[in-house]
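Encoded as structure tokens, the structure appears first; notes follow it.
Computation of the quantities below employed the complete heavy-atom set of this structure, encompassing side-chain atoms and omitting hydrogens, waters and symmetry-equivalent molecules.
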Amino acid sequence: MIDRGIKASIIEILENFPAVMLYGPRQIGKTTLAKNIAADFSKKAHYFDLEKESDLYALQTNAYDLLQGLKDDIVVLDEVQNLPQLLSSLRNIIDEHRVSGRFILLGSADPKLVRGVSESLAGRVIYKEISQINLLEALAANISQEQHWFRGGFPEALLLKSDKMWTEWVQSFIQTYVYRDINQLFNINLNPQIIFKLWGMLAHINSGIENMEDVGRSLGITGTSVKKYLDYMQGAYLIIRLPPWFCNNGKRLVKSPKIYIRTQGILHYLLQINSALALQTHPGLGASWEGYVIEQMYALLPASLQMYYYRTHHGAEIDVVLVKGINPVAAIEIKYADAPSLSKGFYEAINDLQTTKNYVITPNAYTISNAHGIKILSLKTFLEHELLQISV
């Protein structure tokens, strides 16, 4: 088992609040993490899987009495999006016996997109997203950056003994999401063939500007329909849309989000890249590295910071802008070369935003500052030493 850095934070929440909801994609290790956390408490632990017919039936028919009878224990409820009405019962149960550390709720869908999940427990539950295994966790488990980048952060896929078995895992994962999971998670009826084709298209435009009308024409559907598909793919933690940063500087700004497949392993499979060595010569190398860096930053981003990108129609551009409140505080360029050259547009964008902390992140660069004060450093160094400092 790979140790998760977020574990201590979740335990602290449960020591102070009645419930925590851990949400993130399927197969990310939420159940293992929850059981491991529950075992650290002196209370007796109970586990209910709402994809298991007997557990679902018991909670559908007698949730209040069943859970009230466990008021002095800690209860793990897995895949809660399968029974949103359960959360109304939980609200009453928590209010009648409001003590810390009663419930760990697990979900594989964005609570904002599942009717009843976010509303029912307002003020009673703390929400924590469980991201993929991040780079620092992987390195601590003696997994190389090369393997982590190529395979992605799903624990089982990351730890498989061969790339051949990794390929089998990703193929099964994609098929399950396309033909079952997305519709089941949100109780909707999207066309599996369109989901599959859209995922493939996104792989080829990874790190590009979102243009729903162009994608819709390629798929034979409207831009509005594309937006619906993307919303649910984002709600299942399969993609991330990085919003643009707006400012009143008199320049014409690009105002559509950039879109990334969140798991590099899925991206590489869809691009038919079958090894870390093959990735090195693939045309998608730069876009893959950019998406990888953004996902690692997102997983470890302090709560006080938000991530954007910045681009003008005249060529000024920054891959990532970190914003605190309403103020841009850091500009980040992502480059694969360890001795990168920077464009005039990057310096123009820094001048536009007036950021004082500016970086170039590469795979393995030794930390140096160039003549303009731009710090060039490795991803590992940035995550370990710079990200938290920016938020101070």
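Here Leu90 contributes atom CG and Ile94 contributes atom CD1; the two are 5.5 Å apart, rounded to the nearest 0.5 Å. Atoms CZ and CG, on Phe48 and Leu105 in that order, are 12.5 Å from each other to the nearest 0.5 Å. Here CG of Leu198 is found 11.0 Å from OG of Ser225. Values are rounded to the nearest 0.5 Å. Taking NZ of Lys228 as the start and CD1 of Ile221 as the end, the distance is 8.5 Å to the nearest 0.5 Å. Taken to the nearest 0.5 Å, the CG atom of Asp49 stands 8.5 Å off from the CG atom of Asn82. Atom CD of residue Gln85 and atom CG of residue Leu59 lie 10.5 Å apart, to the nearest 0.5 angstrom.
In summary, the aromatic rings of Trp289 and Tyr292 are positioned with their centroids under 6.0 Å apart.
Residues Gln234 and Arg262 form no side-chain contact, since every pair of their non-hydrogen atoms from C-beta on lies 4.5 Å or further apart. Looking only at side-chain heavy atoms (C-beta outward), Met307 and Leu242 come within less than 4.5 Å of each other. Residues Val254 and His313 are in side-chain contact: their nearest non-hydrogen atoms beyond the backbone lie under 4.5 Å apart. For the pair Pro25/Tyr177, a side-chain contact is recorded, criterion being any heavy-atom separation below 4.5 Å from C-beta on.
Ring geometry for Tyr269 against Trp166 counts as perpendicular: the plane angle is over 60°, on a 0 to 90° scale with 30° as the lower cut. Relative orientation of the Phe154 and Trp169 rings is tilted, given thresholds of 30° and 60° on the angle between their planes.
In this structure, Lys324 contributes its side chain and Ser304 its backbone to no donor-acceptor pair below 3.5 Å. The closest donor-acceptor contact from the side chain of Thr61 to the backbone of Tyr57 lies under 3.5 Å. Between the side chain of Asp319 and the main chain of Ile334, a donor-acceptor pair closer than 3.5 Å is present. Under a 3.5 Å cut-off, the side chain of Asn183 and the backbone N or O of Leu190 do form a donor-acceptor pair. Between the side chain of Gln145 and the backbone N or O of Leu135, no donor-acceptor pair lies under 3.5 Å. Counting only distance, with no hydrogens or angles, the side chain of Lys128 and the backbone of Ile13 share no donor-acceptor pair below 3.5 Å. In terms of modelled atom types and a separation under 3.5 Å, the side chain of Thr312 and the main chain of His314 share a donor-acceptor contact. Using a distance-only test at 3.5 Å, with no hydrogens or angles considered, no donor-acceptor pair links the side chain of Ser172 to the main chain of Glu168. For the pair His204 (side chain) and Gly200 (backbone), a donor-acceptor distance under 3.5 Å is present. Judged purely by atom type and a 3.5 angstrom limit, Lys30 has no side-chain atom pairing as donor or acceptor with the backbone of Leu22.
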Test side-chain contact (heavy atoms from CB on, under 4.5 Å) on Lys227 and Tyr232; report intermediate values, then the result.
CA-CA 9 Å; Lys227 181 181 183 304; Tyr232 284 116; over 6 Å; no
I'd like to know whether Leu279 forms a side-chain contact (heavy atoms from CB on, under 4.5 Å) with Ser288, so could you lay out the CA-CA distance, the side-chain angles of the two residues, the decisive distance to 0.1 Å, and finally the verdict.
CA-CA 9 Å; Leu279 174 62; Ser288 172; 4.2 Å; yes
Working note: Leu230 + Ile259, criterion side-chain contact (heavy atoms from CB on, under 4.5 Å); need CA distance, chi angles, decisive distance, verdict.
CA-CA 10 Å; Leu230 292 178; Ile259 192 163; 3.9 Å; yes
Set out, in order, the CA-CA distance, both residues' side-chain angles and the distance that settles salt bridge (charged side-chain N to carboxylate O under 4.0 Å, His left out) for Asp163 and Arg151, then state yes or no.
CA-CA 8 Å; Asp163 288 342; Arg151 290 192 177 182; 3.0 Å; yes
Steps toward side-chain hydrogen bond (donor to acceptor under 3.5 Å, both in side chains) verdict (Thr362, Asp338)
CA-CA 6 Å; Thr362 78; Asp338 285 330; 2.7 Å; yes
Walk me through it: do Tyr298 and Gln132 pass the test side-chain hydrogen bond (donor to acceptor under 3.5 Å, both in side chains)?
CA-CA 10 Å; Tyr298 181 83; Gln132 303 166 43; over 6 Å; no
I would like to know whether Glu317 and Tyr309 meet side-chain contact (heavy atoms from CB on, under 4.5 Å); could you show each step before the answer?
CA-CA 8 Å; Glu317 180 178 3; Tyr309 80 95; 5.6 Å; no
Test Lys52 against Asp78 for salt bridge (charged side-chain N to carboxylate O under 4.0 Å, His left out), laying out the working first.
CA-CA 10 Å; Lys52 185 178 177 182; Asp78 205 345; over 6 Å; no
Evaluation steps, side-chain hydrogen bond (donor to acceptor under 3.5 Å, both in side chains), between Gln193 and Tyr179:
CA-CA 8 Å; Gln193 296 301 323; Tyr179 292 104; 3.2 Å; yes
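For Asn62, the CG atom sits in a packed shell: over 12 heavy atoms of surrounding residues, nucleotides or ligands are nearer than 6.0 Å.
For Glu384, the salt bridge (Lys or Arg N to Asp or Glu O under 4.0 Å) partners two or more places apart in sequence, or in a different chain, are Lys380.
The only member of Ile11, Ile37, Ile130 that meets side chain to side chain contact (heavy atoms under 4.5 Å, CB included) when paired with Ile6 is Ile130.
Between the side chains of Gln81 and Ser108, no donor N or O sits under 3.5 Å from an acceptor N or O. Donor-acceptor pairing under 3.5 Å is recorded for the side chains of Asp352 and Tyr310. Side-chain atoms of Gln68 and Glu96 include a donor-acceptor pair closer than 3.5 Å.
Across every non-hydrogen atom of Glu213 and Gly223, the tightest pair is OE2-CA, 3.6 Å. Gly101 approaches Ile74 most closely through the heavy-atom pair O-CG1, 3.6 Å. A pairwise comparison of heavy atoms in Ala337 and Pro340 identifies O-CD, 3.5 Å as the closest pair. Shortest non-hydrogen contact noted between Ser207 and Lys258 is O-CE, 2.9 Å. Across all their heavy atoms, Ala331 and Thr355 have their closest contact at CB-OG1, 3.6 Å. The two residues Ala63 and Leu86 come nearest to each other via the heavy atoms CB-CD1, 3.6 Å.
Ile133 and Ile10 end up in different hydrophobic clusters when Ile, Leu, Val, Met, Phe, Trp and Tyr side chains are linked at under 4.5 Å. Taking hydrophobic clusters as Ile, Leu, Val, Met, Phe, Trp and Tyr residues chained together by side-chain heavy-atom distances below 4.5 Å, Tyr260 shares a cluster with Phe382. Tracing side-chain contacts under 4.5 Å through hydrophobic residues (I, L, V, M, F, W, Y), one reaches Ile188 starting from Met233; they form part of the same cluster. When hydrophobic clusters are built by joining Ile, Leu, Val, Met, Phe, Trp and Tyr residues whose side-chain heavy atoms come closer than 4.5 Å, directly or via intermediates, Ile2 is not grouped with Leu136. Under a hydrophobic-cluster definition in which Ile, Leu, Val, Met, Phe, Trp and Tyr are linked whenever side-chain heavy atoms come within less than 4.5 Å, directly or via other members, Leu388 and Ile361 are assigned to different clusters.
Salt bridge present: Glu386 and Lys375 bring a charged side-chain N and a carboxylate O closer than 4.0 Å. For the pair Arg91 and Asp95, the salt-bridge criterion is not met [side-chain N within less than 4.0 Å of a carboxylate O].
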